[in-house]
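Since the structure comes first, as structure tokens, the remarks are kept for the end.
Everything quoted here is computed from the prediction, not taken from an experiment.
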Amino acid sequence: TASSVLGDAFIGLILALIVAAAIAFIGVKISKSKQAALEKLAALAPSFNLEQYLIEHADAYNSLLVEAGAGTGKTTVMIDRILFLLHTVPDLSLADIGMITFTNEATQNMKHKIQTTLMQRYLATHSPRYLQFLEDSAKIQIQTIHSFSKGIINELGTSIGYAHSLSLKSYKYQKKQIIHDVLNERYEQNKKSVVKGLGAQLHDLDELILDFWTRLENIGLTDEEIESLDWGKPFNAESKALHETLSTSFGELNRRYNELKMEEDSIAVGDIVRELRRILDNGVDVDIKDKKLKYLFVDEFQDSDNAQIKTIAWLHKKCGLQLFAVGDAKQSIYRFRGAVETAFDRLRTQLAKNTSVKPNQFTLIRNYRTSADVLGALDPVFRSLEKQKLLDYGKSLIPQKHHAGQCNMRHVRLSNNIIQEETIKTLRLLLADCTANADANGTRKEATQHVTVLTRTNFQLNTIGEWCAEAGIPCYVQKE
């Protein structure tokens, strides 16, 4: 009967909750029987996120690698994991926990969310423990990877040739000057033949070398790795001189650049992580007194480059801490800057050198942000990229939003002479559609008629902003 079925479901739910509670308290590797109980709970309660639960309550004494698509609740799972550790690991405090974020904005957002969650727990339980956690929340070390690395370099100080009061500079102008000086010295006796031999003016070559230098640093290569790069062979006889200049200049450029930084007791923001990696690769045995961490959380891990990954792996080994790295391979930035494998692949390789214990790996697949129609339209696009080995897609995301939403997708290839015209035409159509929907819903006065344009680069963003200004379309440009 319906009542007996409902009763069985209720009993099963209660049993599953009891098992789940026991697992949450123990926080150890889950057996097959307990896994089955949790899967039963997930079947009986569709809103129960099994993957998220397993991550939050995984073994407290092992590192975790979590691949999480956009909107799958990775911030929530990180905060709940921290709370679980605070409740189950003896004598653990928030001062023992560090977190690396990708931007300063993300750092502030994470601090706010942790404090908000702790306040919510206190209001729900009135437990003084949460008030103590709130008081201690300022002790958790949440920083960008550059701030984190600069702190270590500052602590090492004079032992590596820097003063304790290490300052930050952009060094963009100084880099241009170093390139200019090196090229002038190289071609001082033969400047007239530079254009013919290199196919470019010296000032154009300055910009080209600076662009190469920046790109090589972006993928986290050390000075030694840059100097020993295999540049291949010249395309033809005409490109031989340019090929030789590019392939042989960086050793001298980096030498002068490093001397300048040492003289000024300064470092560039973009160099911080690479500099720390250079120090560590040289085998400097250091005691990082201010980084006595037991757990290190790394947000947006997919954006980590080679130098950042080596630094994180070194901290894992040096401090004996456990890692929690979470990110979405589909959103990778550095994968398009020369990386040939995902950040997770590289971290696994580095951790294997530190310990024989493999990190636990999880995937979050329930999406709480995006409507079903949008996810359904994107899924075959990602699958196609996966087949071309351009993307590691993994499991399809499962929409949790109840409304279907709407998604219309067009793939357009335009020539440069009509792309501005077609872009403005499309924006006008979209704005008209927004206005029509607002009229139909009676929300015209609420200023809901807007269109968001996403681009790959800030340059493209500025260009579209200029087009909108020319066309009389009000717009606001927000750069990352």
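For the residue pair Gln120 and Thr116, no side-chain donor N or O sits within less than 3.5 Å of a side-chain acceptor on the partner. Counting only N and O atoms by type, the side chains of Asn49 and Tyr368 include a donor and acceptor under 3.5 Å apart. Between Asn104 and Gln108, the side chains place no donor N or O within less than 3.5 Å of an acceptor N or O (distance only, hydrogens not considered). For the residue pair Glu386/Gln388, the side-chain donor-acceptor check at 3.5 Å is not satisfied. Side-chain atoms of Gln322 and Ser63 include a donor-acceptor pair closer than 3.5 Å. Remark: the Thr101 side chain and the Thr144 side chain contain no N/O donor-acceptor pair separated by less than 3.5 Å. Remark: the Gln420 side chain and the Glu470 side chain contain an N/O donor-acceptor pair separated by less than 3.5 Å. There is a side-chain donor-acceptor pair under 3.5 Å between Gln361 and Arg348.
Side-chain contact between Phe148 and Leu296 is present, with at least one heavy-atom pair separated by less than 4.5 Å. Contact of the Leu246 side chain with the Ile209 side chain is registered, since non-hydrogen atoms from C-beta on lie closer than 4.5 Å. Side-chain contact between Ile309 and Gln350: present, with at least one pair of heavy atoms (C-beta onward) separated by less than 4.5 Å. With a 4.5 Å cut-off on side-chain heavy atoms, Val66 and Met78 do not count as touching. With a 4.5 Å cut-off on side-chain heavy atoms, Phe250 and Leu229 do not count as touching. Residues Leu293 and Gln141 meet the side-chain proximity criterion, which asks for heavy atoms closer than 4.5 Å. Looking at Lys172 and Lys175, their side chains never come closer than 4.5 Å, going by heavy atoms from C-beta outward. Side-chain contact between Lys310 and Arg346: absent, with no pair of heavy atoms (C-beta onward) separated by less than 4.5 Å.
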Would you check, one step at a time, whether the test ring pair (Phe, Tyr, Trp, His ring centres under 6.0 Å) holds for Tyr171 with Tyr257?
CA-CA 9 Å; Tyr171 277 109; Tyr257 181 45; 5.7 Å; yes
Between Asp299 and Lys74, does the side-chain contact (heavy atoms from CB on, under 4.5 Å) criterion hold? Intermediate values first, please.
CA-CA 9 Å; Asp299 192 16; Lys74 62 183 180 64; 2.9 Å; yes
Could you give me the CA-CA distance, side-chain angles and deciding distance for Leu64 and Phe362, then say whether side-chain contact (heavy atoms from CB on, under 4.5 Å) is met?
CA-CA 8 Å; Leu64 307 183; Phe362 297 93; 3.8 Å; yes
May I have the step-by-step check of side-chain contact (heavy atoms from CB on, under 4.5 Å) for Leu65 and Asn360, ending in yes or no?
CA-CA 6 Å; Leu65 305 183; Asn360 290 329; over 6 Å; no
Verdict with supporting geometry, Ile79 and Lys113, side-chain contact (heavy atoms from CB on, under 4.5 Å):
CA-CA 8 Å; Ile79 294 174; Lys113 288 178 180 179; 3.7 Å; yes
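Rounded to the nearest 0.5 angstrom, His243 NE2 and Thr248 OG1 are separated by 9.5 Å. The structure places OG of Ser249 at 6.0 Å from CG of Leu183, a figure rounded to the nearest 0.5 Å. Rounding to the nearest 0.5 Å places NZ of Lys111 at 9.5 Å from CD1 of Ile114. To the nearest 0.5 angstrom, Glu264 atom CD is 3.5 Å from Lys169 atom NZ. Once rounded to the nearest 0.5 Å, the distance linking NE2 of His180 with CG of Leu205 reads 11.5 Å. Atoms OH and OG1, on Tyr130 and Thr117 in that order, are 10.5 Å from each other to the nearest 0.5 Å.
The shortest heavy-atom contact between Asp379 and Tyr393 is OD1-OH, 2.6 Å. Looking at every heavy atom in both residues, Ile424 comes nearest to Ala471 through CG2-CB, 3.8 Å. Taking each heavy atom of Lys395 and Arg383 in turn, the nearest pair found is C-NH2, 3.8 Å. For the pair Ile365 and Glu51, the tightest heavy-atom approach, listed with the atom from each and the gap, is CD1-OE2, 4.0 Å. For the pair Thr72 and Gly69, the tightest heavy-atom approach, listed with the atom from each and the gap, is OG1-O, 2.6 Å. For the residue pair Pro359 and Leu351, the shortest heavy atom distance occurs at CG-CD1, 4.1 Å.
Between Arg256 and Glu252 there is a salt bridge, since a side-chain N of the basic residue sits under 4.0 Å from a carboxylate O of the acidic one. Note on Asp80 versus Arg121: salt bridge recorded, some NZ/NE/NH1/NH2 to OD/OE distance being below 4.0 Å. Using a cut-off of 4.0 Å between Lys/Arg side-chain N and Asp/Glu carboxylate O, Lys176 and Asp206 are scored as not salt-bridged.
Legend: residues meeting side chain to side chain donor-acceptor pair (under 3.5 Å) with Glu259, ordered by chain and number and at least two apart, are Arg255.
Remark: the backbone N or O of Ala70 is paired with a side-chain donor or acceptor of Asn367 at under 3.5 angstrom. The main-chain N or O of Leu429 is never found under 3.5 Å from a side-chain atom of Asp433 such that the two would form a donor-acceptor pair. A donor-acceptor pair under 3.5 Å is absent between the side-chain atoms of His146 and the main chain of Thr103, judged by distance alone. At least one donor-acceptor pair under 3.5 Å links the side chain of Thr463 to the backbone N or O of Phe459. Counting only distance, with no hydrogens or angles, the side chain of Lys401 and the backbone of Arg369 share a donor-acceptor pair below 3.5 Å.
Taking the six-membered ring for Trp and the full ring otherwise, Tyr295 and Phe324 have centroids separated by 6.0 Å or more. Taking the six-membered ring for Trp, Tyr122 and Phe133 have ring centres at least 6.0 Å apart.
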